[in-house]
Amino acid sequence: MTKVDVLLGLQWGDEGKGKIVDVLAPKYDVVARFQGGPNAGHTLEFDGKKHVLHQIPSGIFREKTKNIIGNGVVLDPIVLKREIEGVADKFGLNLYDNLFISKKAQLIIPTHRLLDQAYETAKGVNKIGSTLKGIGPTYQDKIGRQGLRVGDILSPNFKEKFEHLTQIHFSILKDHAIEYNWVELSEQFFTAVEFIKKFKLIESEYFINQELESGSTILAEGAQGSLLDIDFGSYPFVTSSNTVTAGACTGLGVAPKHIGQVYGIFKAYSTRVGSGPFPTELLDDEGERMRKEGNEFGSTTGRPRRCGWIDLPSLKYSIMINGVTQLLMMKADVLSIFPTIKICTHYKLENGESTTLLPYELVNEKITPVYTEMPGWQTNVKGIRKEEMPVALENYINFLEKELQVPITMVSTGPDRTQTIYR
Ligand code: GDP
Ligand code: IMO
Ligand code: MG
């Protein structure tokens, strides 16, 4: 039997997962999403075209790759319809044959999005900075055992089930000042539901295990990042799913013994979008330059991303939780503008102690990053070949490798598919 390789973000999301899944996809027969939903925005660039995927796996532009939306995903049919039509219009792609959707994936219905808004508003200054795509409320209903699943749309009494759940939601919404046009929202939803009935709705756990039996190669594509994981992220400023390797097991129905390589992907610096702790955040001109050079604006919401230096304690933590076997470093080109690169090697706590561990209390305690400095490469590295790697960049990579104790096998130097160095 073959194994399922997993690719996931080690920081707060937006590490460049979409780009790398697209780069790796020709090596894989199957690419599968296992958690998250339309809160994700995975950007791919090739042939001068840029495209952002939210729910469709990033293997979709490789002809021979089958793409699965697994049971751990929360799926918004309205967003999916728009996405499928988008790739059809822009690339002439027809996904009827190579998109497979788990019947056990949970459905995001329009009231989930309204509830997301309501809960977020009620949190006031403590808001999470949610993408407001309905992720939290949908996972709440899943765990609360009242959610709707994709397979339910095939049931003759789906409308009744839908109405039952919306009644529960309306009784909560009545206490919140959220405005909406229900006729329009429900019409949009049912049009999208009819549309997705034309695709392959499957029991993806059987499908994937049969693919493994027959020797297919499978890549599980993570969404968000390990520091947004519901259990291990900077709680409560997290998303509502397990974004870590273990999530691939529950989100696809793959036993732990079938997990192979774990690719951990990180930016050469750090970013975060939304609220929550970010020890190495730069609130000064340096952060502003990083944002500008890295074009750090959200792929899903367009919000400016907070920027800062690389953070080794948190990366080590993510590597540990995920069992990372290979590291992939992204956006090396963005740091070209800095004469000096800073690396946070440990934290200083309020009581004066220093630690290389990620503290439990990240929200209420001030954590001061302690930095090591290295000279920057200060030369354009976009799209360079391996032989052209400046010594200062090579030194930076070697330093990180030594600290993190996992080989960095790939370095990305630009958003395009081709701007990738294999080491
Ligand atoms: P994802 O959510 O992990 O797939 O990442 P996003 O797509 O949200 O954000 C990554 C952004 O960085 C996208 O705009 C990519 O096109 C871009 N990108 C990816 N790799 C590189 C790189 O090596 N250099 C630069 N400059 N941009 C990159
Ligand atoms: P990709 O897959 C970056 C953040 C939101 C917010 C928190 C909770 O593109 O890396 P949610 O909508 O899940 O309730 O938001 O998580 N967030 C992301 N940040 N990349 C993402 O996905 C994200 N998905 C959610 O900004 O802080
Ligand atoms: Mg993203």
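Side chains included, hydrogens not; waters and symmetry mates left out as well; all remaining heavy atoms used. Just follow the structure's listing: the first ligand is 1, and inside any ligand the first atom is 1. Treat the numbers as computed from the prediction; the structure is a model and nothing was measured.
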Return the closest protein heavy atom for [atom] as residue, atom name and distance.
atom: atom 9 (O) of ligand 2; answer: G41 N, 2.9 Å
atom: atom 11 (P) of ligand 2; answer: S130 OG, 3.7 Å
atom: atom 2 (O) of ligand 1; answer: G41 O, 2.8 Å
atom: atom 7 (O) of ligand 1; answer: T43 OG1, 2.5 Å

### Query
When you look for heavy atoms under 4.0 Å from ligand 1, do you find them on the side chain of Q224, its backbone, both, or neither?
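For Q224, there is no contact with ligand 1 at all, from either part.
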
Below 4.0 angstrom from a heavy atom of [X], which ligand 1 atoms are there? Numbered from 1 as shown, please.
X: G414; result: 20 (N), 21 (C), 22 (C), 23 (O), 24 (N), 25 (C)
X: G18; result: 4 (O)
X: H42; result: 1 (P), 2 (O), 4 (O), 7 (O)
X: M330; result: 20 (N)
X: K19; result: 20 (N)
X: T413; result: 23 (O)

### Message
Tell me whether ligand 1 is touched by R305 - counting only heavy atoms on the residue side and a distance under 4.0 Å.
### Response
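Flag set, R305 near ligand 1.
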
### Message
So is T301 touching ligand 2 or not, going by heavy atoms under 4.0 Å?
### Response
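The answer is no, since T301 has no heavy atom less than 4.0 Å from ligand 2.
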
Under-4.0 Å salt bridge between [X] and [Y]:
X: R82; Y: E85; value: no
X: R305; Y: E296; value: yes
X: R62; Y: D22; value: yes
X: R423; Y: E394; value: yes
X: E45; Y: K49; value: no

### Task
Determine whether more than 12 heavy atoms belonging to other residues, nucleotides or ligands lie under 6.0 Å from atom CD of E361.
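Yes, enclosed.
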
#### Entry: Angle, OD1 of D14 through the Mg ion (ligand 3) to O of G41 - 10° precision
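Rounded to 10°, it measures 170°.
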
### Minimal non-hydrogen separation, S318 against L227, with atom names
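Between these two residues, the closest heavy atoms are OG-CD2, 3.7 Å.
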
### Query
Atoms of ligand 2 less than 4.0 Å from A223 heavy atoms?
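By the 4.0 Å cutoff, the relevant atoms are 2 (O).
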
